[in-house]
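These notes concern the structure reproduced below.
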Amino acid sequence: MDYQHKAIEEKWQKFWADNHTFRVDNTSEKPKYYILDMFPYPSGAGLHVGHPLGYIASDIFARYKRLKGFNVLHPMGYDSFGLPAEQYAIQTGQHPAVTTAANIERYREQLDNIGFSFDWEREVRTSDPAFYKWTQWIFTQLFDAWYNKANDRAEPIATLIAHVETNGSNGLLAVSDEDTAIFTAAQWASFSEEQQQRELLKYRLAYLRESTVNWCPALGTVLANDEVVNGVSERGGYPVVQKKMMQWSMRITAYAERLLNGLDTVDWPDPLVEMQRNWIGKSIGASVRFTVPSLGDDQYIEVFTTRVDTIYGVNALVLAPENELVNQLTTPGQRAEVDAYVAQTKKKSELDRMADVKAVSGAFTGCYVVHPLTAKTIPIWIADYVLAGYGTGAVMAVPSGDQRDYLFSTHFGLPIIPISDAQQLDGQADATKEGRYINSGIINGLTYLEAVDVLVAELESIGAGKATINYRMRDAIFGRQRYWGEPVPVYFKDGLPQLIEEGELPLILPEVDKYLPTESGEPPLGRAKGWKYRDTFEYELSTMPGWAGSSWYWYRYMDAHNAGEFASREAVNYWKAVDLYIGGSEHATGHLLYSRFWNKFLKDMGYVPEEEPFKKLINQGMIQGRSNFVYRVLDAEGKGTNTFVSHGLKDQYATVALHVDVNIVSNDTLDLDSFRQFRPDFVDADFILENGKYHCGHEVEKMSKSKYNVVNPDDIIEQYGADTLRMYEMFLGPLEQSKPWNTNGIEGVYKFLRKLWRLFHDGQGNFSVSDESSSKAELKALHKIIKKVEEDIERFSFNTSVSAFMICVNELTDLKCNKRGILHDLCIVLHPYAPHITEELWTLLGNEPGKLSYATYPAFNPDYLVESEFAYPISVNGKMRMNLPLSLSLEPADVEQAVLANEDVQRYLEGKSIRKVIVVKGRIVNIVV
RNA sequence: GCUCGGGUGGUGAAAUUGGUAGACACGCAAGACUUAAAAUCUUGUUCGCCUUAAAGCGAGUGCGGGUUCGAUUCCCGCCCCGAGUACCA
C-alpha cells in the first residue's frame, strides 16, 4: 500500500480523541511545562492557512516537550465575546450566542483536522456564563481594592477604610483620582454613607468616573486607547471623537512602574518589549506651578516638563484648547478670538490634526501667569499642538530649546531668549544640554546636571514645583455600550454603584428584542424587560470590553471546570505561569498589557504566585496572501474581450488585470478548464498561451475573499494531508517572519513523507523492516537528526528541522536502510512535526498504539558523528581552490606539511612565494602567497 | 521624523562561535520507465567568459569603504523594503 494520508489521519485523530491521549493531570512526577496559544476569536469566515501557523509551532513544541519527559499543559479555547458577532446580530436578528456557537463548531472541526494535541477537556469560552462568572468575580475584586503606594501593592478596600477611620486622609499614600478630599478621622465618621462611598470610588481599582472618552458614534460605544488607531476605530475604521461620559475605568496607571520593570524579567521579542515601553511612556521631569494673579493668588496652572533647566527661557504658557481652564482665563477682549479657535479645533478630527502638524495656529487668552523664579508676567496662549490628554494639558513654551515652541513663537512674534552659551539659534531651536546657562538667574554658569538639582530644590522650597515622573499611559476605559459582552456585576442604589453578592454571580446576559441602543440612547441592555437587581435596582447597562476575558483566561485552563473558584489554589500553584506563549504581535499593547496588569493585581491579592504571567513569548509572523492575476485583452474601445493573455505576453496587448482564484492556479500556471467554470462569463474564454501554458501574474496582498487568495487548510489537508500541511507551514521560513502563503513547493514536503513511507515498505508496498544491526552510516544519519531537531526546536527554528528531516530520509534511502532500530527512533524524532504518519509507522513496527506521544526522545550519542578524516577546504589568499581529505588526528603543523606536499596544491602555488599558512584544525587551510 | 526588523539564485530559503556561500525544497531543462499520462527515478541548474567536451578563468550575499590570513557574519557611511510609533512637552 502506498501512503494513504486520509485514512491514516482520520484513524489517529479518532484514536487520540477516543483514548483521551492528551488529557493532562494537575499532578505529576514529571516537571511541568505550560504552552499557551493566543486563543482565536471565532469569526464567521473560518480559518485560513495563516491562522494555524502559531498553533502548529506550539503543537510541535508541546509534543516535543512530552517526548522530553515534561507534563505539558497545552490547551485551546475561544475568545467568543466581540463586536463582529454583534454586528452580524444587528443585521440578521440572530442571537450572537447562536452564531458564535456555530462558528466555534466550524473552528473546532478545522483545528481537529490538523491533528493538534490540545487537551480539549479544558476548553474555555469567554462567553460561557461558567467562564464569565469569574471575569465578573475578578471585576468585583478590583472594585473592592485600592493601590497602596506605601506597600507598592493593591490591597482590599478594607485596609483603606481602616486607615481613614483612624487617621483620616493623613498619611494616605494611594493611587487615586486627583480630586480626593482631605479630611480627619472625625470628619470621615461624620460623612454620610453616600459621601463615604463617593470618596472611596476615587480610590477603587475598578471605578466609575466622568472622563473624556473615545466615543465612536458609528459603533455606538466608547473605545480604549489601544482600540483607536490614527483617530479611527481599529475595528471598522470609523471616526472617533472625544466626549465626556460617566464610565467604568481600570486604574492600570497604578501599575505603570511595575509593568515597566517587569519587562526586564521576561524573555520576549525586543520590538514587543519596546512597544510596551513606549505605550507606558515614562518620562522623568518636573512639574512647575505658574500662579494666575487675575484668578487669585492661590490659583495656578501646572505644567510638566522634562527640561526644567530651560525654565528661564519661558516666553509663554500654552494650553490645549480643550483645557478646562481656558474658559475662565479668557479676557473679554480675547473672548471672540479664543472661542473661534476652540470651535475650529473641535471641528478638526484627530486625523486632520495629525496631518496638519506643520501649520502653526493658536490664540492669545489675554491672561498672564507669573514666572515663579523671575516674577515676570508671561502670556497664556492656547494652541492645538498641545494635547489635552498628556501631562496637564499645558506646557511652558521655551522657543530656544524646543522646535515646536520655536515655530509657535516665531509665528506669533514672541521673544526668543537664548539660555545656554552652546546654543545655535540659526532659524531653529537647539535642544542641546551642552554648555553653561546664560540669562538664567540662579543657574547662570552651571552645567545641565548641576542646574536640574538646583532648580528642583529651589522650586520645592518656594512651593512652586517638584520632581515628577509622568506616564503616557492612561487608565483603561472598561465599559462598552454594547450587548455581546460580560455584564458588569453592579447595580445602582441612590446613584451609587454597588456590587452584586458573590453568591449571585454570574450575572447572566439578559435577552433583548434588538441589539441596538434604546430610543433614549441607553445601551442595548436597557431593552431587557424586567431586568432589575432584586426586582428593584437598576443594573449597570454597559458590558465589559473585549479584553476582559482574555486578561485571565490562561488560569481557567488550569482548572477549567471548577465551580467554586476561578481555579483551585493547587492548580494555580502547580502550573504557576505560562512557560511559552505564542501569538501575533498585534496584541502588544492591548491584551498583553492588560493581562500583565490583572496578573499583578491577582498576585497582590494572593490568588496567583507569579508577578509575570508569560515567561517566554514568541510572535509568529503574519501569513500574507499571494494573489494571482489573469490579463483580459481590451478591444479598440477599451472594452474587455473574452480573450486572456499569458503574463509574459501581456505587454503586447492592452489588458486589464483580474484577480483569479489561487486555488485553480498551480505554480502560477492557470488550470484552463477550472477557469472556464470560475465565472459564468468565462465559459468560452480564449487564451493566448506561452509554450502551451497560461502563466499568471502575482502580487502579495492581504489574504481576503475579495482578492481570491484565501487558502483553506481543509483543502490542503484533503489533497496532501495534515502532516504535509504542518511540515509545509514550518518549511516556509522562520516562524517570526511574515511571508506570503504560496502553495508552490508543498509537493516537496509531500514527496518527503512518501519517501519516508517507502523506507518501511518494499517495492510492492508491503511492510518490510529488517532486524539486522545498524551500520555506522545509518547511525550517523540518525544521530545527526536527533541532535539537529533538538537544537532547532529549542531555538524555535522549525524550518531548518524540516530540511534536516529531508536530508536524513534521503541519506537513509540511499543507504537502502530499513533497520528497525533506526526507523523506530526516527519515528519519535519526527513525531512532533508529522504525528499521524509516525503513529501509523510506529504501530506497524509493533509498538503499542498511541504510546508514541509519550515515548522517550532518543539520546544523542556524539560517538556516531566522529569522523577520522576531513576533506579540508584548501584556499589560497582566502579563495577556495580544492578539497584535500586528511586525517583529523593530524596536528596543524602536519596538516600544513601534507597540504604543501600535495601535487594539486602545488599547481596553485606555482611561481609564488608562500608568506603564511593558516591551519584551523577540522575547519580550513588558508595559504597566503 | 524616531525605534525595531530585513535586503543572499527564476522562487521559498540555509549557512548556530568570523572558516568550503546558495544546504534543503520549488520551478525549469534533459533523460529513464510507460502505448500514453500520472507516479517514481537519474542528471543538470548563481551569473559571466572560454571550450566539441573534460576542465579552466573571473565576478558574486543591496551600495561604498574598513578590520582580518579569511567577512552573508564584525565596524563606519549610504540606498531600498517592511513593521511599530508619531506634536508626549
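Protein chains get the first letters and strands the later ones, always in sequence-line order, with residue 1 at the start of each. Note that these values count all heavy atoms, side chains included, but never hydrogens, waters or copies made by symmetry.
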Does [N] have a Watson-Crick or wobble mate here (both distances under 3.5 Å), and if so which one?
N      : answer
B/rA21 : none
B/rC78 : B/rG62
B/rA15 : none
B/rA83 : B/rU3
B/rG31 : B/rC41
B/rC49 : B/rG56

What orientation do [X] and [Y] show, parallel under 30°, tilted 30 to 60°, or perpendicular over 60°?
X        : Y        : answer
A/Tyr720 : A/Tyr750 : perpendicular
A/Trp741 : A/Tyr728 : perpendicular
A/Tyr390 : A/Phe304 : perpendicular

Between [X] and [N], is there a side-chain N or O to OP1/OP2 distance below 4.0 Å?
X        : N      : result
A/Lys693 : B/rC28 : yes
A/Arg754 : B/rU40 : yes
A/Asn877 : B/rC69 : no
A/Gln737 : B/rA13 : yes
A/Asn744 : B/rU11 : no
A/Arg472 : B/rA86 : yes
A/Arg758 : B/rC41 : yes
A/Asn619 : B/rG5  : no
A/Ser283 : B/rA89 : yes
A/Lys921 : B/rG19 : no

Nearest to side-chain heavy atoms of [X], which nucleotide of [options]:
X        : options                : value
A/Asn799 : B/rC26, B/rA21, B/rA13 : B/rA13
A/Phe731 : B/rU20, B/rG12, B/rC69 : B/rG12
A/Leu387 : B/rU20, B/rA15, B/rC88 : B/rC88
A/Pro271 : B/rC4, B/rG19, B/rA13  : B/rC4
A/Lys751 : B/rC69, B/rA89, B/rC26 : B/rC26
A/Val395 : B/rU40, B/rA89, B/rC69 : B/rA89
A/Asp792 : B/rU3, B/rU16, B/rA25  : B/rU16
A/Lys755 : B/rC87, B/rC24, B/rC41 : B/rC41
A/Lys879 : B/rA13, B/rC87, B/rG60 : B/rG60
A/Met806 : B/rA14, B/rC69, B/rA25 : B/rA25

Classify the nucleic acid contact of [X] as base, sugar-phosphate or nothing, counting any heavy atom under 4.0 Å across all strands shown.
X        : answer
A/Val928 : sugar-phosphate
A/Leu732 : sugar-phosphate
A/Pro734 : sugar-phosphate
A/Arg474 : nothing
A/Asp405 : nothing

Next on the checklist: Within 90° of 0 counts as syn, otherwise anti: where does B/rG9 fall?
Outcome noted: syn

Checklist entry - Is a side-chain donor-acceptor pair under 3.5 Å present for A/Ser283 with A/Asn470? => result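 A/Asn470 vs A/Ser283: no donor-acceptor pair found between side chains.
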
Item to check | Closest non-hydrogen atom pair, A/His5 against A/Gln719 | outcome: NE2-O, 3.1 Å

Between [N] and [M], how far is it from one [atom1] atom to the other, in whole Å?
N      : M      : atom1 : value
B/rG56 : B/rG5  : P     : 43 Å
B/rG48 : B/rG9  : C1'   : 14 Å
B/rC80 : B/rC26 : P     : 37 Å
B/rG62 : B/rG82 : C1'   : 15 Å
B/rG1  : B/rG58 : P     : 44 Å
B/rU17 : B/rG31 : P     : 46 Å
B/rG10 : B/rC69 : C1'   : 36 Å
B/rA21 : B/rA32 : P     : 36 Å

Next on the checklist: Before we go on, tell me: are the rings of A/Phe61 and A/Phe796 under 6.0 Å apart, centre to centre?
Outcome noted: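 Judged by ring-centre distance (under 6.0 Å), A/Phe61 and A/Phe796 do meet the cut-off.
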
In whole Å, what is the span from the [atom1] atom of [X] to the [atom2] atom of [N]?
X        : N      : atom1 : atom2 : value
A/Ile623 : B/rG12 : CD1   : P     : 14 Å
A/Asn278 : B/rG1  : CG    : C1'   : 14 Å
A/Gln276 : B/rU3  : CD    : C1'   : 16 Å
A/Asp668 : B/rG12 : CG    : P     : 11 Å
A/Asp402 : B/rC88 : CG    : P     : 7 Å
A/Asn883 : B/rG19 : CG    : P     : 17 Å
A/Tyr833 : B/rC24 : OH    : P     : 18 Å
A/Lys739 : B/rC26 : NZ    : C1'   : 16 Å

Next on the checklist: Base of B/rU16, side chain of A/Lys788 - is there a donor-acceptor contact under 3.5 Å?
Outcome noted: yes

Checklist entry - Closest nucleotide of RNA chain B for A/Arg626 versus for A/Thr669: which of these residues is on the 5' side? => result A/Arg626

Checklist entry - Given that A/Ile807 and A/Arg795 both sit by RNA chain B, which one's nearest nucleotide is further toward the 5' end? => result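 Closer to the 5' end of RNA chain B: A/Arg795.
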
Checklist outcome for this item: Partner of A/Asn628 under side-chain hydrogen bond (donor to acceptor under 3.5 Å, both in side chains), picked from A/Asp668, A/Asn709, A/Asn663, is A/Asp668

Checklist entry - Do A/Ser287 side-chain atoms and A/Thr468 backbone N/O form a donor-acceptor pair below 3.5 Å? => result no

Next on the checklist: I'd like to check A/Asn619 versus A/Glu736 (side-chain heavy atoms, cut-off strictly below 4.5 Å). Are they in contact?
Outcome noted: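 No - every pair of side-chain heavy atoms lies 4.5 Å or more apart.
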
Next on the checklist: Quick check with a 6.0 Å cut-off and a 45 degree axis cone: is A/Arg289 positioned over the face of A/Tyr300's six-membered ring?
Outcome noted: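 A/Arg289 over A/Tyr300 ring: yes.
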
